[in-house]
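Small disclaimer: the values here were computed from a predicted structure and weren't measured. In what follows, chains are A, B, ... by sequence order, proteins preceding strands, each numbered from 1.
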Amino acid sequence: MELVESPPEAAWPASLLGAFRRGEPNTLSQLFRAHVNAVTRALRVARGHQGARVFDSVADVEAAVLETFSRAFEERARLAYDGERSFVAYLLGFARYVGLEHARKARRVTVVPHDDELDFTDTGPSPDEAAEATQLGALLDDFRDTLDPDTRRLYELRFVERVAQEAAASSLGVTRIQLRRRERDLKLALLKHLRRHGYVDGVSVQGWRVEREAAS
Amino acid sequence: MTCAEGEQLLERQFVEGLSPVEGASLRAHVATCERCRRAQQQLARVDEALYGAPLSPQRVEQLEAELLGGAVRALPVRRARGAALAITAAALAASLAALVWWRAGPGDEFQPRGAVGSGVGLQALCVRADGTTRSSAKPGQTLPCAPGDVVQLMYSAKEPVRVTVRTSGGAELVASPGLTLDAAASAALPLSTPVGPWLSGPTELQADFAAAASGKPLATLRLTLTPTAP
């Protein structure tokens, strides 16, 4: 399954709206895949009325993403969506409530704020984050330089050109399952590389071998 | 979950993604483990650098399976009788996520399970102390459960409901009477109950559902709990 970014915002055709309102699993699945990264981005940078980030961790953001979609996909909410207004805005409306609830529970907000007191504007990385990104970029470049030509081509297709798995598999002359397996091995090697250079704290590569083949 | 186990899951999440069970379990672990939280943050940055998006394809698949298999939210476990309850909410959530994910069939993700035409459904799980699921039962079925396990109820409701749960032996399984629940599909009741001496023989569990708004009775669902060896 490839990531699909949010499609252009336009009024939904009646068939799509009907499928969404009926809660058809394939439609919900496609909508989730299309918008989950946008919602994740928004929640990750969400700031409360005092400017503090609402979510401290990846796990908190993930939980909030699940909660957002869970509410947006409830029957009552589905029936209330008209297909005219932006679906991203519809999702972010739920994300806003989820974020505000989280902030209130975390005591970052002492009173119930107004709707406009959760800011999804990405103000860019902090100086520390920017420095870490630079360090990480250098480590990734180093790693790429260690790869044999075939593996390097895979790395470039998937992580530089960001070609979808199916197209990358075709380009490399392998099946998609083979590509997934190779990509998995590549990421494991990358993890070892990062660990060796002290980037990833607290994660030591155990040398486990993946036995379960993910569905493609 | 130990920190070492958390680290292994972090690795696997990065490399190939996790099952919904593991994902929920890891999320609960990192909430209390600063070391794993920091490592997860770093790995997320690596994924973003690789894929140009906050979530890798593996993470998207994992979250989708958690969501469309029946979202399981954080489960505060009632610590009845002090700290005797060994199971963690994280392990319980993971186990529930596993079951719900496993059972979710195409086309029914947002439909009540175990419903009887009344818009409500009930399912009981018996969860071991290590977070694995020993057994599950729907209305009319029997749930074997051992001392030290935890009984957790899942419900589905098309509208907000009030539910009262009683057992034939008089044991209280949830904070009854009249726990108000939101409309949900395969959501966990916010409380669970450890199996103790009260489950000494077959015990009928009865859940009475009523509409929260009107108080109109919707359904009475029953299943049987029975003791089994650990």
Side-chain angles (χ1 to χ4, degrees), chain A residues 1-3 5 23-26 28-29 32-33 36-37 40-41 44 56-63 65-67 69-70 73-76 78 129 132-133 136-137 139-140 155 158-160 162 165 180 183-185 187-188 190-191 194 199-206 208 210 212 214-215, chain B residues 3-4 6-8 10-12 14-17 19 23 26-31 33-46 49-64 66-68 71-74 104 106-111 158-159 182-185:
Chain A
M1 192 275 298
E2 289 300 307
L3 297 179
E5 283 299 331
E24 290 185 3
N26 286 344
L28 299 181
S29 174
F32 177 80
R33 293 179 193 185
V36 65
N37 272 302
T40 302
R41 278 197 190 94
R44 196 177 51 178
D56 292 333
S57 70
V58 171
D60 283 347
V61 172
E62 275 186 4
V65 168
L66 287 174
E67 184 67 24
F69 277 95
S70 180
F73 285 177
E74 282 177 1
E75 183 178 32
R76 191 181 308 172
R78 296 198 313 265
E129 289 169 339
E132 186 178 331
L136 176 59
L139 284 171
L140 293 177
Y155 182 98
R158 291 289 290 141
F159 303 140
V160 179
R162 291 176 183 149
Q165 275 189 349
R180 288 176 70 110
E183 185 171 322
R184 202 172 53 198
D185 290 344
K187 289 189 77 174
L188 185 57
L190 172 60
L191 187 57
L194 294 172
Y199 176 74
V200 183
D201 295 332
V203 173
S204 56
V205 176
Q206 305 292 321
W208 47 263
V210 177
R212 174 167 59 86
Chain B
C3 199
E7 288 178 6
Q8 280 200 311
L10 281 173
E11 286 178 27
R12 288 190 38 226
F14 175 73
V15 173
E16 64 161 2
S19 71
L26 178 61
R27 212 163 29 248
H29 171 70
V30 298
C33 177
E34 174 61 33
R35 179 182 165 92
C36 289
R37 187 159 56 243
R38 192 171 60 247
Q40 188 181 42
Q41 190 80 42
Q42 289 179 304
L43 291 175
R45 287 184 185 130
V46 177
L50 294 178
Y51 295 102
L55 299 171
S56 68
Q58 297 89 349
R59 299 287 288 281
V60 172
E61 287 181 356
Q62 176 189 320
L63 292 177
E64 182 186 347
E66 288 187 53
L67 176 77
L68 298 182
V72 175
R73 303 186 175 105
D108 73 342
E109 279 83 351
F110 287 82
Q111 298 301 315
K158 288 183 174 177
E159 60 181 305
D182 292 332

Answer yes or no: is there a side-chain heavy-atom contact under 4.5 Å between A:Leu28 and B:Leu67? no
For A:Glu183, give me all partners under salt bridge (charged side-chain N to carboxylate O under 4.0 Å, His left out), at least two apart in sequence or on another chain. A:Arg158
Decide yes or no for B:Arg37 and A:Asp56: does some side-chain heavy atom of the first lie under 4.5 Å from some side-chain heavy atom of the second? no
What part of B:Ala49 is in contact with chain A, defined as an atom under 4.5 angstrom from a non-hydrogen atom: side chain, backbone, both or neither? both
Heavy-atom distance under 4.5 Å to chain B: side chain of A:Leu139, backbone, both or neither? neither
Non-hydrogen atoms of A:Lys187 and B:Leu50 that approach each other most closely: CE-CD1, 4.2 Å
For a side chain to side chain contact (heavy atoms under 4.5 Å, CB included) check, start with the C-alpha distance between A:Val58 and B:Arg59, then their side-chain angles and the critical distance, and finish with the verdict. CA-CA 11 Å; A:Val58 171; B:Arg59 299 287 288 281; 3.3 Å; yes
Without hydrogens or angle criteria, can the side chains of A:Ser29 and B:Glu64 be said to hold a donor-acceptor pair below 3.5 Å? yes
Can you say whether B:Arg45 sits under 4.5 Å from chain A via the side chain, the backbone, both, or neither, judging by heavy atoms? both
Could you tell me whether the side chain of B:Leu55 reaches within less than 4.5 Å of the side chain of A:Val65, counting heavy atoms only? no
Does the side chain of A:Arg44 reach to within under 4.5 Å of the side chain of B:Pro54, using non-hydrogen atoms? yes
Run the salt-bridge test on A:Arg180 and B:Glu61 with the 4.0 Å N-O cut-off and return the result as yes or no. yes
Report yes if the side chains of B:Leu43 and A:Leu191 come closer than 4.5 Å at any heavy-atom pair, otherwise no. yes
Stepwise side chain to side chain contact (heavy atoms under 4.5 Å, CB included) test for A:Leu194 and B:Gln42: CA-CA 10 Å; A:Leu194 294 172; B:Gln42 289 179 304; over 6 Å; no
ring-ring contact (aromatic ring centres under 6.0 Å, His included) partners of A:Phe159, counting only residues at least two apart: A:Tyr155, B:Tyr51
Checking side chain to side chain contact (heavy atoms under 4.5 Å, CB included) for the pair B:Val46/A:Tyr199: CA distance, chi angles, key distance, verdict? CA-CA 10 Å; B:Val46 177; A:Tyr199 176 74; 3.6 Å; yes
